[in-house]
Amino acid sequence: MSDNGSPTKARPRVFSGVQPSGNLTIGNYIGALRQWAREQYHFDSFFCVVDLHAITVPYDSADLHTKTREVAGLYLASGIDPEASTIFVQSHVQAHAELTWLLNCITPLGWLNRMTQFKDKAAKQQADSVSTGLLDYPVLMAADILLYQADAVPVGEDQRQHLELTRDVAQRFNHLFGETFTIPEAMIPPSGARIKGLDDPTAKMSKSETGSEYHAVYLLDPPDRARKKIMRAVTDSGREIRFSQDPEKAGVNNLLELYQALTGESREAIETHFASARGYGDLKKDVAEVVVAALEPIQRRYRELTDDRSYLDSLLAQGAERAATVANKTLETVRERMGFLKPYA
Ligand code: TYM
């Protein structure tokens with residue numbers, strides 16, 4: 001056993017998750033899933049479908065049920081190898097809910113009130129219907145990560161503040177009760193960590209944005225729909241195709257970022273490639289083709305998988321069992337350090 005009560009890890013550990021709400025977008029793929037698949041063999045990886053997070057805003061229970069399987073299927077279709085990584089559903093491992101409560105009691109309310117995602121999501125609802133769960137969301141996320149003693153957490157840019165809070169909570173616990181938790185690092189990809197909305201390139205592309213059907217390309221969009229969305233992407237009235245932080249050029253910059261993230265080419269090579277383009281139409285056509293090419297194998301694998309639902313369900317059952325073994329060990333140490341009486345001799 002190491003100092004922090006977890007079994008000594010042979011490889012560094014990774015933990016990450018996606019909420020089963022809305023439709024997964026190309027942003028989720030580039031910012032998270034693709035990174036997980038690429039890095040999984042270097043780590044002892046845990047990938048979780050975070051269903052308890054998805055109920056912090058008003059939701060439909062039938063939808064939650066369907067989306068939970070869909071997200072797990074998309075993990076596999078995006079290249080997560082169940083032989084190498086543990087895939088499971090958050091609510092199947094009860095330690096997540098229990099550690100959340102314990103951490104709640106050492107997390108100052110002021111830390112949660114400062115979270116920008118809470119403020120953004122709360123602002124979209126009637127003030128008197130915002131749930132306590134929405135405010136507490138980052139503590140549940142901290143519990144997810146800390147239960148597995150994760151060293152690294154591969155996420156998009158929008159999760160950076162939640163990761164900071166996780167580190168703060170872990171440090172506070174370690175300070176109060178002795179070294180218990182590994183302090184995790186955020187692992188944010190160098191390009192594509194914040195893909196913007198196609199209809200509004202000043203806002204993050206989001207799977208829960210339902211305002212416009214041209215906001216996001218979904219991982220399960222048929223090729224024609226994906227192409228149409230890219231061709232309709234908001235740009236500007238100019239013609240210059242270059243990477244730029246100028247807010248005026250946010251739309252073109254976003255398309256170039258998508259292109260870069262999916263082709264892996266350098267910025268210089270991409271700008272040279274588009275130097276002879278006749279206008280934004282040419283840019284959009286090329287972006288649409290690389291997006292469709294990226295979606296094709298994901299959709300093919302997804303269809304194969306969903307033909308056999310029992311395969312996915314048994315994989316999730318095995319994943320939950322493996323995850324619970326690790327999580328329960330941490331929880332036991334936490335309970336002991338916090339002074340709880342053991343329930344039996
Ligand atoms: P969620 O479900 O909103 O998003 C899942 C992952 O996708 C990334 N992402 C993006 N990356 C690039 N561009 C975008 N437009 C974009 N939109 C989303 C997110 O950064 C995330 O990595 N709180 C988390 C879920 C969670 C979690 C965790 C993550 C719960 N517990 C523990 C890591 C570890 C969330 O809402 O992700």
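Counting starts at 1 for both ligands and their atoms, following the listed order.
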Exercise. Where does H53 meet ligand 1, judged by heavy-atom distances below 4.0 Å: at the side chain, the backbone, both, or neither?
Worked result: side chain
For this session: Pick, from Q159, E257, R34, K207, the option with the minimum heavy-atom distance to atom 21 (C) of ligand 1.
Result: Q159
Exercise. From R194 CZ over to D158 CG, what is the distance, rounded to the nearest 0.5 angstrom?
Worked result: 6.0 Å
Exercise. Do the two ring centres, one from H96 and one from Y148, sit under 6.0 Å apart?
Worked result: yes
For this session: State yes or no: are the ring centers of F47 and F88 separated by less than 6.0 Å?
Result: no
Problem set entry | Nearest-contact summary for atom 17 (N) of ligand 1 - protein heavy atom, Å | M205 O, 3.6 Å
Problem set entry | salt bridge (charged side-chain N to carboxylate O under 4.0 Å, His left out) against R167, all qualifying residues, sequence neighbours excluded | E185
Problem set entry | Close-contact set for ligand 1 against K204 heavy atoms, below 4.0 Å | 15 (N)
Seminar exercise, completed: Distance col, row K229:NZ vs L198:CG, nearest 0.5 angstrom, shows 8.5 Å
Seminar exercise, completed: One finds that the ligand 1 atoms under 4.0 Å from a non-hydrogen atom of Y137 are 23 (N), 24 (C), 25 (C), 35 (C), 36 (O)
Exercise. What are the atoms of ligand 1, with element, lying closer than 4.0 Å to any heavy atom of Q19?
Worked result: 2 (O), 35 (C), 36 (O)
Exercise. What atoms in ligand 1 come closer than 4.0 Å to a heavy atom of V153?
Worked result: 33 (C), 34 (C)
Problem set entry | Proximity of F173 and F181 rings by center, below 6.0 Å | yes
Problem set entry | Under 4.0 Å to a heavy atom of G192 - the qualifying atoms of ligand 1, by number | 12 (C)
For this session: For I145, take its heavy atoms, then give the atoms of ligand 1 lying under 4.0 Å from any of them.
Result: 32 (C), 34 (C)
Seminar exercise, completed: In ligand 1, the atoms that come under 4.0 Å of a heavy atom of A32 are 6 (C), 7 (O), 22 (O)
Exercise. Just checking, is any N or O donor in the side chain of Q90 or D144 under 3.5 Å from an acceptor N or O on the other one?
Worked result: yes
Seminar exercise, completed: Rounded to the nearest 0.5 angstrom, the CE-CG distance for M187 and L163 is 11.5 Å
For this session: Can you sort out which atoms of ligand 1 are near V18, meaning under 4.0 Å from one of its heavy atoms?
Result: 2 (O), 5 (C)
For this session: Check whether the side chains of N23 and K67 place a donor and an acceptor atom closer than 3.5 Å, and report yes or no.
Result: yes
Exercise. What protein heavy atom sits nearest atom 7 (O) of ligand 1, and how far away is it?
Worked result: N28 ND2, 3.1 Å
Exercise. Applying a 4.0 Å heavy-atom criterion (strictly less than), which segment of A193 is in contact with ligand 1: side chain, backbone, both, or neither?
Worked result: backbone
